[in-house]
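The model shown is predicted, which means the values in this text are computed figures rather than measured ones. Whatever order the structure lists them in is the order used to number ligands and atoms, beginning at 1.
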Amino acid sequence: MALLQIAEPGQSTRPHEHKLAVGIDLGTTNSLVATVRSGVTETLPDEDGNHLLPSIVRYTEDDVVVGFKAKVNSVDDPQNTIVSVKRLMGRGIEDLKTLGEQLPYQFVDSDSSVPKIKTVAGNKTAMEVSAEILKKLKQRSENTLGDELVGAVITVPAYFDDAQRQATKDAAKLANLKVLRLLNEPTAAAVAYGLDSAQEGVIAVYDLGGGTFDISILRLTKGVFEVLATGGDSALGGDDFDHAIAEWVITQSGIKNSELNSSSIRLLMQEACTAKEALSEIDEVELNIELGDNQKWFGLLNRETFNELVDPLIKKSLMSCRRALRDAKIDREDIHDVVMVGGSTRMLRVRELVGDFFLHEPLVSIDPDRVVAIGAATQANALAGNNPDGDMLLLDVLPLSLGIETMGGLTEKIIHRNTPIPVSRAQDFTTYKDGQTAMSIHVVQGERELVTDCRSLAKFELRGFPPQVAGAARIRVSFQVDADGLLHVTAREETSGVEAHVEVKPSYGLSDSEIETMLRDSMEHAVEDKGLRNLREMQVEADRVIEALDAAIADDGDSMLEADEKNSILEARAVLVDARANATDEQLVKQAMESLEKASANYVARRMNASVQTSMAGHKVEEFSSEESEK
Ligand code: AMP
């Protein structure tokens, strides 16, 4: 198994050569930057002493404002103030249309497949918005550290797909920031804890942020982190807890949703968020809310009611935990520690229910808002060559299997889900038809047996290899997933060396909940899928037999077949054609195929004899002596 070595031994630099590298936690709600200074890993504050930078960008006609200053205007100017842009990264216009209903922005179709948000400063992509956040953090680092950065490790949720990872890299490029590596957030948290307290054993990383939930099961052994499984829900986070409170307020106040405009909704959400955060400290909060058109509502929210409102959300996260444990083949009792990440894990109810579930008091010793940035900074430091011990190894895993389409619309998995990355795997395929000189490669992602039930990632063609008989060509399809989780696929015809490749950058993102649905579907349909696969394989085989027979009859049927024999062969052929088209059980196709083989056995034997005789014609018998033929 290929381990990813993040720093070569001996790569360390002398103190005066210390290279400035940072770790960036590019969060949905807040972002952070951290670095290692004099052996201490710390997050860097802005000039006002704030470590967190709200991930909010406001566009005016002649300026771009990021962070707290933008947050102030998020109520008054919602259309130009972009919040939670991380949710839009790598998403296509179709995804955004559905998300758009909950968002106050106007999306415009652009020439490229990348959708844009309409602002007073022009139309902006999610990458451009995200780049503003990165620029701000880069500037903060360079101001604080007094020199240019060599690069940054940027963290992404474990479930970010290729498009979302690529969008993050593109945002960094726009910010003129070199990406040393994208790192999964739970892995970064594990780095922070693993290095600081040198734990060993299996740990769960429970990460509940503003907009997403991730659960990861990691094995930690002397500086080596292996991600055994990941799971989560990209549509679950602190925002949903705010929503739960806001909905409760609306119900309590009797105001209709239609009476609320986007500013008052935003204001209500802010009040709900403040109340939620206060309940992490006190037992009861007062809510004094303006609900548009001079309507006001006052009420009290106590912890008990709050718990009732949010328990279903927490339980939803625990369902993902249960699934991740099952994937990792780990019992709850085997979990050594539970690391809490993300601002929402400050909620006492979350800590309580997570502790009950994992039978462990969760770890909260490192600030859950900073732990990811701290881990990222630790790795950035090592990647920049500043780590004298430089032997830390990291493993991440693929969330879904990757494969290609084969005959009959079936998927052939090349790399299975939960395989540690980076990874390279290759598999050989061959041609289906005589004289075939091209092959189309369809790259898919998912667990199901049929291509139509998986997600299509890319299609490309391998063209121009020499024609040969069916099954003779050897086409090696190699999948390579790099340390950032990006996939490169190469197809090569081995005899001619003809090659084609694709770097998979799908235009549409895949959310955690979609991944979950795909996994759930694959489990629910496992038996049915197996049956369908067997049937499809048999159908492909039947097609091959029918095609070969038709070609043979067209070639020499008239001269080699008596009428009776031909009739019985054609009858058996008709039965097979019917079974191939209508049978729902592969056994029926198999039986029909066997009958056809029986009916045509003599004919096939005669053809083979004739062909041997033809190829021997003009040669001496000695040429076919055993010594020669063994070669
Ligand atoms: P993150 O995406 O990790 O920055 O997490 C942000 C989320 O954490 C937001 O939904 C915040 O409202 C939430 N959060 C921050 N502090 C607290 C707190 N003390 N109690 C409850 N939720 C909090």
Side-chain angles (χ1 to χ4, degrees), residues 23-34 43 50-56 66-68 70-71 74 83-89 102 130 133 137 154-160 168 184-186 188-189 192 205-216 232-246 266-285 287 301-303 306-307 309-311 313-314 317 339-354 362 364 366-376 512:
I24 292 179
D25 173 6
L26 193 56
T28 310
T29 318
N30 294 300
S31 296
L32 276 157
V33 59
T43 52
N50 298 308
H51 289 251
L52 288 179
L53 176 74
S55 305
I56 303 180
V66 182
F68 287 103
K71 193 173 183 176
S74 64
V83 299
S84 301
V85 69
K86 187 168 171 180
R87 286 191 164 189
L88 311 180
M89 295 289 275
Q102 305 146 29
S130 199
I133 301 167
L137 294 173
I154 302 178
T155 58
V156 290
Y159 270 146
F160 253 25
T168 308
N184 283 345
E185 289 160 7
V205 182
Y206 181 100
D207 180 351
L208 190 60
T212 51
F213 169 63
D214 283 305
I215 176 72
S216 307
D233 189 341
S234 70
L236 181 66
D239 300 352
D240 299 294
F241 291 68
D242 304 347
H243 261 286
I245 297 177
R266 189 82 69 107
L267 199 62
L268 170 60
M269 292 299 291
Q270 272 185 7
E271 291 289 343
C273 180
T274 310
K276 172 192 74 178
E277 292 182 5
L279 283 170
S280 298
E281 303 293 329
I282 52 174
D283 291 340
E284 187 171 70
V285 285
L287 285 157
L301 176 61
N302 62 25
R303 219 177 246 161
F306 174 69
N307 290 351
L309 292 176
V310 302
D311 274 4
L313 295 170
I314 304 172
S317 76
V339 178
M340 294 298 246
V341 181
S344 298
T345 60
R346 290 207 179 82
M347 276 184 273
L348 303 179
R349 186 64 169 172
V350 170
R351 292 181 178 180
E352 188 185 329
L353 295 190
V354 171
V364 288
I366 302 180
D367 182 338
D369 278 327
R370 301 188 196 188
V371 61
V372 168
I374 285 175
D512 294 6

Participant: With side chains defined as the heavy atoms from C-beta onward, is the minimum distance between Phe213 and Ile314 less than 4.5 Å?
Facilitator: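 SC-SC contact between Phe213 and Ile314 ruled out.
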
Participant: N/O of Gly210 under 3.5 Å from N/O of ligand 1, yes or no?
Facilitator: yes

Participant: Around atom 15 (C) of ligand 1, find the nearest protein heavy atom and jot down its residue, atom name and distance.
Facilitator: Glu277 OE2, 3.5 Å

Participant: Short N/O distance, under 3.5 Å, between Leu208 and ligand 1?
Facilitator: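 No, no N or O pair falls under 3.5 Å.
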
Participant: Would you tell me which option among Ser280, Gly237, Ser84 has the nearest heavy-atom contact to atom 20 (N) of ligand 1?
Facilitator: Ser280

Participant: Looking at CG of Leu26 and CG of Leu137, how far apart are the two atoms once the value is rounded to the nearest 0.5 Å?
Facilitator: 7.5 Å

Participant: Would you mind running through ligand 1 and noting each atom that sits below 4.0 Å from a heavy atom of Gly342?
Facilitator: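 It comes down to these atoms of ligand 1: 3 (O).
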
Participant: Which of the numbered atoms in ligand 1 are below 4.0 angstrom from a heavy atom of Gly209?
Facilitator: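 Checking each atom against Gly209, I get 1 (P), 2 (O), 3 (O), 5 (O), 7 (C).
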
Participant: Identify, by atom number and element, the atoms of ligand 1 in contact range of Gly238, meaning under 4.0 Å from any of its heavy atoms.
Facilitator: 10 (O)

Participant: Please could you name the atoms of ligand 1 that Lys276 approaches to less than 4.0 Å, counting only its heavy atoms?
Facilitator: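 Within the 4.0 Å cut-off of Lys276, ligand 1 contributes 9 (C), 10 (O), 11 (C), 12 (O), 13 (C), 22 (N).
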
Participant: Indicate yes or no: at least one non-hydrogen side-chain atom of Met89 is less than 4.5 angstrom from one of Ser130.
Facilitator: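 Result yes, sub-4.5 Å side-chain heavy-atom pair found.
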
Participant: Closest non-hydrogen protein atom to atom 23 (C) of ligand 1, residue and atom name please, with distance?
Facilitator: Gly343 O, 3.3 Å

Participant: If the cut-off is 4.0 Å to any non-hydrogen atom of Met347, which atoms of ligand 1 fall inside it?
Facilitator: 21 (C)

Participant: Would you check the N or O atoms of Arg346, main chain and side chain alike, for any that come under 3.5 Å of an N or O of ligand 1?
Facilitator: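 By distance alone, the answer is yes.
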
Participant: Any donor-acceptor pair under 3.5 Å linking the side chain of Ser344 with the backbone of Gly209?
Facilitator: yes

Participant: I want to confirm something. Looking only at heavy atoms, which of Asp240, Asn30, Leu348, Thr212 is nearest to atom 4 (O) of ligand 1?
Facilitator: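 Nearest heavy atom to atom 4 (O) of ligand 1 lies in Asn30.
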
Participant: Does Asp233 reach the main-chain N or O of Ala235 with its side chain, forming a donor-acceptor pair under 3.5 Å?
Facilitator: yes

Participant: Could you tell me whether the side chain of Asp239 and the main chain of Gly211 form a donor-acceptor pair under 3.5 Å?
Facilitator: no

Participant: Would you call Arg346 and Asp367 a side-chain contact if the rule is heavy atoms closer than 4.5 Å?
Facilitator: yes

Participant: Between Ser344 and ligand 1, which part of the residue brings a heavy atom under 4.0 Å of the ligand: side chain, backbone, both or neither?
Facilitator: both

Participant: Only one of Val350, Val339, Asp214 passes side-chain contact (heavy atoms from CB on, under 4.5 Å) with Tyr206; say which it is.
Facilitator: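 Of the listed residues Val350, Val339, Asp214, the side-chain contact (heavy atoms from CB on, under 4.5 Å) partner of Tyr206 is Val350.
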
Participant: Can you list the atoms of ligand 1 that are under 4.0 Å from a heavy atom of Cys273?
Facilitator: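 Matching atoms, with element in brackets: 12 (O).
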
Participant: Taking 4.0 angstrom as the limit, do Arg303 and Glu352 come out as a salt bridge?
Facilitator: no

